[in-house]
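Read through the structure below, which is laid out as structure tokens, and then see the notes.
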2 protein chains.
Amino acid sequence: MSRSEAASSQHSRVTIAQVASHAGVSPTTVSHVLSGKRAVGAATRGTVMDAIRELGYRPNIVARNLRTRRSHMIAVVVPDITNPFYAVLTRGLADAVDAAGHGTYVCNTDGQHDRERKFFQDAMDRGVDGIVFASGETASQVMFGEVDQQTPIICIGAQLDHPLCDAVIPDDETGSRAAGSFLASRGYQRIAMIQGPPHYGVSRTAGFRSAMQAAKRKVPAELMVRGNWTRKGGYEAMKTLMALKVRPDAVFCANDLMAIGALDVAHELGLSVPQDVAIVGFDDVDAATIVTPHLTTVRNPAYEAGGTAGDLLMSRMSGRYTGAGRTVVLPCPLIERGTA
Amino acid sequence: MSRSEAASSQHSRVTIAQVASHAGVSPTTVSHVLSGKRAVGAATRGTVMDAIRELGYRPNIVARNLRTRRSHMIAVVVPDITNPFYAVLTRGLADAVDAAGHGTYVCNTDGQHDRERKFFQDAMDRGVDGIVFASGETASQVMFGEVDQQTPIICIGAQLDHPLCDAVIPDDETGSRAAGSFLASRGYQRIAMIQGPPHYGVSRTAGFRSAMQAAKRKVPAELMVRGNWTRKGGYEAMKTLMALKVRPDAVFCANDLMAIGALDVAHELGLSVPQDVAIVGFDDVDAATIVTPHLTTVRNPAYEAGGTAGDLLMSRMSGRYTGAGRTVVLPCPLIERGTA
DNA sequence: CCGCTCCATCAAATCGTTTTGCCTCAGGGT
DNA sequence: ACCCTGAGGCAAAACGATTTGATGGAGCGG
């Protein structure tokens, strides 16, 4: 093997200079052969290519990054990669930018603002070409003080007033409205909602309310309860709903986990779903098809969100687009399954 | 703000040379203040620190990487970050190395060998300090031909005979044996197993067999069926088991998804679990506590695996350890829940 | 034969650090 | 007086690529 022979002959990696001397040309020429930025004679090119192959040359990307000021690396900062929503989002992003040769540097913040800031700093210092920020709707804009005006930032799920910051936001409100309208169209009369904690998921509540208004359904305060996004929280919220003197015949939950908790209560009470009570969730997590019956829900397009974030990023990195912050909103379609 | 003032005054970032001239010293001295590798007079240090603060200097990490030949970045190559097992593993790794200032570059291979090779190359070219390879048990050692002897590699779930490659392997076999013994100790007589596809998960099968032998349970061939790791696969395997003239009263599944499929069949047939038939899974995925009753299973320690991979890596990167490949095996404890 | 354009190539500067070798000065021991 | 040591500082050489300006011919019209 010429490769291993070359590798063993010298401790470290082959440099462009060694290729050049082996081929009897200057480093410049080798660089031009590789990049194609200037014309190179066919014969010379052949010699150089041979030398490259023979020595097993691989370019040192760090050196290139230093000179070109591009790293072909983008940072994605999420609360927790363990959360399937962010895992899928990250995958969508990775798939979108992979073809263009960009790697993805994943940062877990656990939603802590100081970690968000730390990773912003770190990403800038490392010279990433772009940052995708998906820390949920509570994205404080504190950390943007730290940011270099050069590197593009994409915000997912929240709109920020940073000049060069594009945003991609799933259309929670329309999705929730669809869920509400759907329940109404099925003839359910007393439709309740299990919301998220105060100040969270407000657009989901808004969409639901607007649907109820359009369908001429009254929603007394007792039918609007809250949970903390967890299965247990949904369980308890559903308990209080079912303890009402006159029970709801349908309930829309602000996320799937709470919907699953609500389903637990229905099973516990011996209620059949959706005959006795209908349930609709939001997010379309994997678990939605594991419970029985399968959960009717609204899809939160994580993969697509990551993908369009990647596209927006690349359009800026390439210089194709240099204008003000764009906003693309993604539809959240209703997925009809067994619980409504 | 002195920071923004400095930033606006010049287009690009502040360099160490600017700090030096602002403080009236040489770049060398600034570097020494930052790194502490050589003594610097207290007065000088103060001046330099002030200059750094005043100009808002941030070191250019790319330049540093080029000079020091370390990137403080480690690559983790997994089949798919979307798979919760690998997401958790990645998080464990990230948490372990984060404190030491290492970032994690995530690569999704989808289990394709050419992508594995491509990312190996890419990671080497980018100058990562280490690679964690978690592409499951079928890790071909093809891509190791590409690898620079310098950069340490940790293999998760498979043992490779690369000289400097440490391995961390979850103890599937003991875990499976525990599952089998547990079923036997509960008095189940006809214990079946739904295995993975041929050549996969052999140690899980081995552990189960050894437990059966120790418990003096016969396992006729008809009780050893196969699925393809999916819920559907488990469903079908369970169907054929339940179509037997004499049914098993317990079944151990090589992973949770198949166990959930088996559970579907039990529900469909009106069998009560675990009275009529017991079911035990493997992995302890989130879904295990979503099904009813909650799945009794064997825990596959993803987080710990990622964490110890990080530790092994750091011990090599720091030069603390330079010996032959180590192997650490992680226990897979049985988690008793409702299905057995 | 001159001037012009193209093509191919090269030398040298640059990116922003870290690190090595050398210098100076002060102080202490003999 | 002399040597030695340690502290504190600087100049310059890496690190390994890309990029710019210059150069030397070749081809060609006038």
Side-chain angles (χ1 to χ4, degrees), chain A residues 10-49 51-52 55-73 101 124-129 148 150, chain B residues 10-49 51-52 55-73 101 124-129 148 150:
Chain A
Q10 47 200 8
H11 193 65
S12 79
R13 291 175 62 124
V14 181
T15 79
I16 208 174
Q18 295 169 335
V19 172
S21 81
H22 189 272
V25 298
S26 80
T28 311
T29 306
V30 177
S31 176
H32 286 151
V33 166
L34 257 26
S35 69
K37 295 213 168 191
R38 278 200 194 175
V40 176
T44 319
R45 157 177 293 112
T47 322
V48 169
M49 294 299 270
I52 287 179
L55 267 47
Y57 167 76
R58 301 248 77 212
N60 180 327
I61 300 217
V62 177
R64 172 184 314 191
N65 291 350
L66 176 59
R67 182 63 230 247
T68 63
R69 299 155 159 289
R70 318 206 124 254
S71 60
H72 288 273
M73 189 85 182
M124 304 296 321
D125 292 351
R126 286 189 129 97
V128 300
D129 292 344
D148 178 344
Q150 317 285 48
Chain B
Q10 47 201 10
H11 194 66
S12 81
R13 293 176 61 125
V14 181
T15 78
I16 209 174
Q18 294 170 335
V19 172
S21 82
H22 190 272
V25 299
S26 80
T28 310
T29 305
V30 177
S31 176
H32 286 151
V33 166
L34 256 26
S35 68
K37 295 211 170 196
R38 278 200 194 176
V40 175
T44 319
R45 155 176 296 110
T47 322
V48 169
M49 294 299 271
I52 287 179
L55 267 47
Y57 167 75
R58 299 249 78 212
N60 179 327
I61 299 219
V62 177
R64 172 182 313 190
N65 291 350
L66 176 59
R67 181 63 231 241
T68 62
R69 301 153 156 289
R70 319 207 125 255
S71 60
H72 287 275
M73 189 86 178
M124 303 295 324
D125 293 351
R126 287 188 128 98
V128 300
D129 291 346
D148 179 343
Q150 317 287 47

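Please read all numbers here as calculations on a predicted model, not as lab measurements. Residue numbering restarts at 1 for every chain, and letters A, B, ... go by the order of the sequence lines.
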For this session: Begin from the C-alpha positions of A:R126 and B:M73 and carry the test side-chain contact (heavy atoms from CB on, under 4.5 Å) through to its verdict.
Result: CA-CA 10 Å; A:R126 286 189 129 97; B:M73 189 86 178; 3.8 Å; yes
Quickly work out the [X] [atom1] to [N] [atom2] distance and round it to whole Å.
| X | N | atom1 | atom2 | result |
| --- | --- | --- | --- | --- |
| B:N60 | D:dA17 | CG | P | 18 Å |
| B:K37 | D:dG9 | NZ | C1' | 18 Å |
| A:N65 | C:dT14 | CG | C1' | 15 Å |
| B:R58 | C:dT17 | CZ | P | 11 Å |
| B:R13 | C:dC15 | CZ | P | 15 Å |
| B:D125 | D:dA17 | CG | P | 10 Å |
| B:R70 | D:dA14 | CZ | C1' | 18 Å |
| A:Y57 | D:dG16 | OH | P | 10 Å |

Minimum heavy-atom separation for [X] to [Y], with atom names?
| X | Y | result |
| --- | --- | --- |
| A:T44 | A:V25 | CG2-CG1, 3.8 Å |
| B:P59 | B:R13 | O-NH2, 4.1 Å |
| B:A23 | B:V48 | CB-CA, 4.1 Å |
| A:I16 | A:Y57 | N-CE1, 3.5 Å |

For this session: Tell me whether the OP1 or OP2 atom of C:dC15 has a side-chain N or O from A:R69 closer than 4.0 Å.
Result: no
Which one, [options], comes nearest to the side chain of [X]?
| X | options | result |
| --- | --- | --- |
| A:H32 | C:dT19, C:dT9, C:dA8 | C:dT9 |
| A:R67 | C:dT14, C:dT19, D:dG21 | C:dT14 |
| B:S26 | D:dA11, D:dC15, C:dT18 | D:dA11 |
| A:T44 | D:dG9, D:dA17, C:dA8 | C:dA8 |
| A:A63 | D:dC10, C:dA8, D:dA17 | D:dA17 |
| B:S31 | C:dT18, D:dA17, C:dC15 | C:dT18 |
| A:T15 | D:dG9, C:dG16, D:dA17 | D:dA17 |

For this session: Only counting residues at least two apart or in another chain, list the ones meeting ring pair (Phe, Tyr, Trp, His ring centres under 6.0 Å) with A:H72.
Result: A:H102
Seminar exercise, completed: Terminal axes of the helix from C:dC1-D:dG30 to C:dT30-D:dA1 (5 end pairs apiece), angle rounded to 10 degrees, sit apart by 60°
Exercise. Contact class for A:V62 (heavy atom, under 4.0 Å): base, sugar-phosphate, or nothing?
Worked result: nothing
Problem set entry | Touch class at under 4.0 angstrom, heavy-atom based, for A:T28 against every strand present | base
Problem set entry | Donor-acceptor pair under 3.5 Å, B:R45 side chain vs D:dG9 base | no
For this session: State whether the distance check finds a donor on one side and an acceptor on the other, under 3.5 Å, for side chain B:R38 versus base C:dT19.
Result: no
Problem set entry | Toward the 5' end of DNA chain C, by each residue's nearest nucleotide, A:L66 or B:P27 | A:L66
Problem set entry | Along DNA chain D (nearest heavy atom to each residue), the more 5'-positioned of A:P59 and B:V40 | B:V40
Problem set entry | Worked check of side-chain contact (heavy atoms from CB on, under 4.5 Å) between B:V14 and B:V19 | CA-CA 7 Å; B:V14 181; B:V19 172; 4.1 Å; yes
Exercise. Hey, what do you get for CG (B:N60) to CZ (A:R69), rounding to the nearest 0.5 Å?
Worked result: 8.0 Å
